[in-house]
Amino acid sequence: MTTIDQQLAELRDQINYHSYRYHTLDDPLISDAEYDRLVQRLRQLEQEHPELITPDSPTRRVGAEPLDAFEKVTHPIPMTSLGNAFDDDDMRAWLARIERLLPDNLPENELAFVVEPKIDGLAMALTYENGLLVRGATRGNGVEGENVTANVRTVNSIPLRIPTRSDGPPAPARIEVRGEVYMPIADFNRFNQQQLDKGEKIYANPRNFAAGSLRQLDSRITAQRPLAFFAYAIGYVEGAEIGSQQQALDYLKALGFPVNPDILHTTSFAAAIDFIHKWMERRDSLPYDADGAVVKIDSFALQRELGVVGNAPRWAIAYKFPAREATTKVLAIKGNVGRTGQITPYAELEPVNIGGVIVRNATLHNYDDLAKKDIREGDTVIIKRAGDVIPQVVKPILDLRPADSQPAQPPAVCPVCGQPTTRLGDDVALFCINAACPAQLVRQVEYFVSRGAMDIEGFGIKIGEQLVAEGFIKDIADIYFLQRDDLLKLEGFAEKKVDNLLSAIEASKQQPFDRFLTALGIRYVGNVVAGLVVSHFPAIDQLSRATQEELQAIEGVGPRIAESLVAWFSGPANRSLIDKFRQAGVTLQARRTGPEQPQTLAGLTFVITGTLPTWSRDQAQAFIEQHGGKVTGSVSKKTNYLVLGENPGSKLTKAQSLGIPTLGEQELQNLAQA
Ligand code: IVH
């Protein structure tokens, strides 16, 4: 017979262990439902026996009564900060400094380094007595911090009792574990999105959000925030002998603390630097924000020898990654007109250096987003630049907003042509629908000549802008009617440049048909879709007559694409555009790869249904089209033959009712032979 005490202890152990598997190892052993059942069972037992509730019970992670203020705590061992390095030279200088202080006779491989990511969160000191979490304290000024125990207890990956693993070492009598509380980026983004949707305040970055969450006087609020923890140091320990940083990390891991998996131990300084560079490159793909890497001398004996200067130890240094955020001022909010006429708002900024790049403009995505974030001209804002991503405005700093500022308004007229703007359907996007808008034309030209489209070398944006401004280009087909004399009149156009440009334009007439189709810039028709469409409709005349149904019958072409194509080719202006391209001699049909086939199926319309013995539907369709036939998606009176495979659908019934003959794969081939 087990006593209630034993049952409770066992349940808590089980839950703690499974929570550790889930939150710390990211490797759960049981399903969420099973886990919930265990917690439910524990709750029930605790309700029946409230006198048996212990502070390390996993049911105690939900937060407690709010505090009036945080109590100050003095750190038994000060929490120092770190010296910074910004490049490899700084790192080498650091190594040279410490090598001077270390004994000359130090054997080569005795100087080992531990390289850890520097997580951008908040430093935390966690005190455990006989395995029980008794205190969580912020760093504060390094000497004195704040007691945030109630808050850290809600962080799932912080053990309430150690060891968490049954195979771990016994808990030491006392230990202070140091590490970083942080917010995973995915959780941060999810939370901010929810806030935006509710029209509530958003946070600038995961770090500020983690800080704000930890400093809640009401820990029930903290409990709602998805905070996480990585342990990286031991402040002090009684009851265990630890001689190096690597041993400390191993020990913390064995006790059940989350320790970052990407840590390098090496005796090669070059390898340490190399590792940091790899880190920097991977930075954007990590699930958390790292603002640098920390290099520590492994041996505690050497650490003691090196000591501390000011409030930073000599034995460690932070290699800071280039910054990604900066604060600056919005000088103006403007709209940029794209190729499709879509107007995208952007902010003109007081130039600011973010990680070595001067940023002058930042995107504001769309007018809905702009309104939600309420970014105004004159605002001081936080700008973010990550990897190759276009710089974006994160949010305004409301305290610095000028008293007379006005909310930004979507423009009523196109900023370039002055014609009224519209919203199309329920799209959040704002459009200039004036087909003659020069901004759209410049963008269309830019796209038409670009590398992924007609690839006209030497035809840059500036040239496009000039030619449109001078009136030499009124539509994209005019590119093929540019006159040598006209071009020579343009600013910066010498003979050589003009001749090179004209021969690049001439050469582009031979680009494959699918590139041309891409270059037209039809909505939703990029190079992949263009390739698909061209393989079924290998010439412009076939394509321009294709119905929505026929287009949709192509695998990979959905209703949106089909509709967009049909709409484009039905526009009279676009039809004359195509005529102009034809007149210019641009390639408007796919080159045949195999030998030309006799057009034995010309004038015949086929529908394919079911699974054919050797061909895919696409292959059968290609065969028919190569022989001059046509394939449609549904049976009608105009259908000549139904090509029939196994497990046909309703098309067979329909064909039978209309008396349309059916063919097998072999019979189709015979028909084409005739
Ligand atoms: S070691 C002497 N290791 O960086 C050792 N710090 O300026 C001091 N940090 O506020 C800390 N990741 O919160 C260390 N792997 C890591 C770290 C790390 C982040 C933070 C820490 C401290 C700041 C140091």
Side-chain angles (χ1 to χ4, degrees), residues 75-86 90-91 94 98 113-126 136-146 148 152 155 157-158 176-185 205-211 213-215 227-237 242 244-253 257-266 272 275-276 279-280 283 286-300 302-321 323:
H75 297 297
I77 312 239
M79 292 180 81
T80 55
S81 105
L82 284 172
N84 289 330
F86 296 96
D90 290 350
M91 291 301 289
W94 169 73
I98 58 177
F113 308 91
V114 174
V115 189
E116 304 169 6
K118 186 170 182 298
I119 310 291
D120 202 6
L122 280 104
M124 191 60 56
L126 305 171
T138 62
R139 175 168 174 274
N141 59 15
V143 175
E144 203 181 59
E146 284 175 331
V148 290
V152 299
V155 179
S157 57
I158 291 181
E176 186 199 89
V177 176
R178 294 184 176 181
E180 202 81 352
V181 170
Y182 68 98
M183 170 95 46
I185 294 172
N205 55 49
R207 205 208 87 90
N208 288 8
F209 188 28
S213 302
L214 262 184
R215 300 203 69 265
L227 295 168
F229 180 73
F230 274 131
Y232 56 65
I234 296 175
Y236 59 85
V237 55
I242 311 287
S244 74
Q245 174 64 8
Q246 187 59 52
Q247 279 175 28
L249 295 173
D250 292 341
Y251 182 61
L252 289 171
K253 205 154 133 186
F257 288 93
V259 173
N260 195 293
D262 281 308
I263 289 179
L264 176 74
H265 177 272
T266 180
F275 187 70
I276 296 175
W279 255 100
M280 246 188 262
R283 186 180 181 194
L286 296 170
Y288 45 78
D289 265 347
D291 59 341
V294 186
V295 180
K296 300 174 182 173
I297 300 293
D298 189 29
S299 151
F300 283 176
L302 292 183
Q303 286 187 8
R304 273 191 296 274
E305 203 150 331
L306 288 165
V308 177
V309 264
N311 72 343
R314 283 200 192 84
W315 49 265
I317 190 156
Y319 190 138
K320 298 286 285 243
F321 296 159

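Indexing begins at 1, ligand by ligand and atom by atom, following the structure's order. We use all heavy atoms of the structure for the numbers below, so side chains are in, but hydrogens, waters and symmetry mates are not. Since we're looking at a predicted model, the values are computed, not measured.
The shortest contact between atom 15 (N) of ligand 1 and any protein heavy atom is with Glu116 OE1, 2.7 Å. Among protein heavy atoms, atom 10 (O) of ligand 1 sits closest to Ala123 CB, 3.8 Å. When hydrogens are left out, the protein atom nearest atom 5 (C) of ligand 1 is Leu82 CD2, 4.0 Å; that is the closest non-hydrogen contact. Nearest to atom 4 (O) of ligand 1 among the protein's heavy atoms is Lys118 CE, 3.1 Å. Distance from atom 21 (C) of ligand 1 to its nearest protein heavy atom, with residue and atom name: Tyr232 OH, 3.1 Å.
Atom CZ of Phe209 sits about 7.5 Å away from atom CG of Leu227, to the nearest 0.5 Å. Expressed to the nearest 0.5 Å, how far CZ of Phe230 lies from NZ of Lys118 amounts to 15.0 Å. Here Thr138 contributes atom OG1 and Leu122 contributes atom CG; the two are 8.0 Å apart, rounded to the nearest 0.5 Å.
In this structure, Trp315 counts as a contact residue of ligand 1, since one of its heavy atoms falls inside 4.0 Å of the ligand. Ligand 1 has at least one atom lying under 4.0 Å from a heavy atom of Lys296. Heavy-atom distances between Pro117 and ligand 1 reach below 4.0 Å in at least one pair. Contact analysis leaves Ala316 out of contact with ligand 1, as no non-hydrogen atom separation drops below 4.0 angstrom.
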Does Leu126 form a side chain to side chain contact (heavy atoms under 4.5 Å, CB included) with Phe229? I'd like the steps, not just the answer. CA-CA 11 Å; Leu126 305 171; Phe229 180 73; 3.6 Å; yes
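Put simply, the side chain of Asp262 never gets that close to the backbone of Pro117: no donor and acceptor are under 3.5 Å apart. Distance alone, capped at 3.5 Å, is enough to place a donor-acceptor pair between the Trp94 side chain and the Arg314 backbone.
Here's the thing with Glu180: one of its N/O atoms is less than 3.5 angstrom from an N/O atom of ligand 1. Any N or O atom pair closer than 3.5 Å counts here, and Pro313 shares no such pair with ligand 1. Ligand 1 has no nitrogen or oxygen under 3.5 angstrom from a nitrogen or oxygen of Ser81.
Residues Arg207 and Asp289 are not in side-chain contact: their nearest non-hydrogen atoms beyond the backbone lie 4.5 Å or more apart. Residues Asn260 and Glu180 fail the side-chain proximity criterion, which asks for heavy atoms closer than 4.5 Å.
Using a 4.0 Å cut-off between heavy atoms, Val294 contacts ligand 1 through its side chain alone, with no backbone atom that close.
The minimum heavy-atom distance between Gly136 and Val152, with the atom names listed, is CA-CG2, 3.9 Å.
The ligand atoms of ligand 1 that sit less than 4.0 angstrom from a heavy atom of Ile119 are 12 (N), 19 (C).
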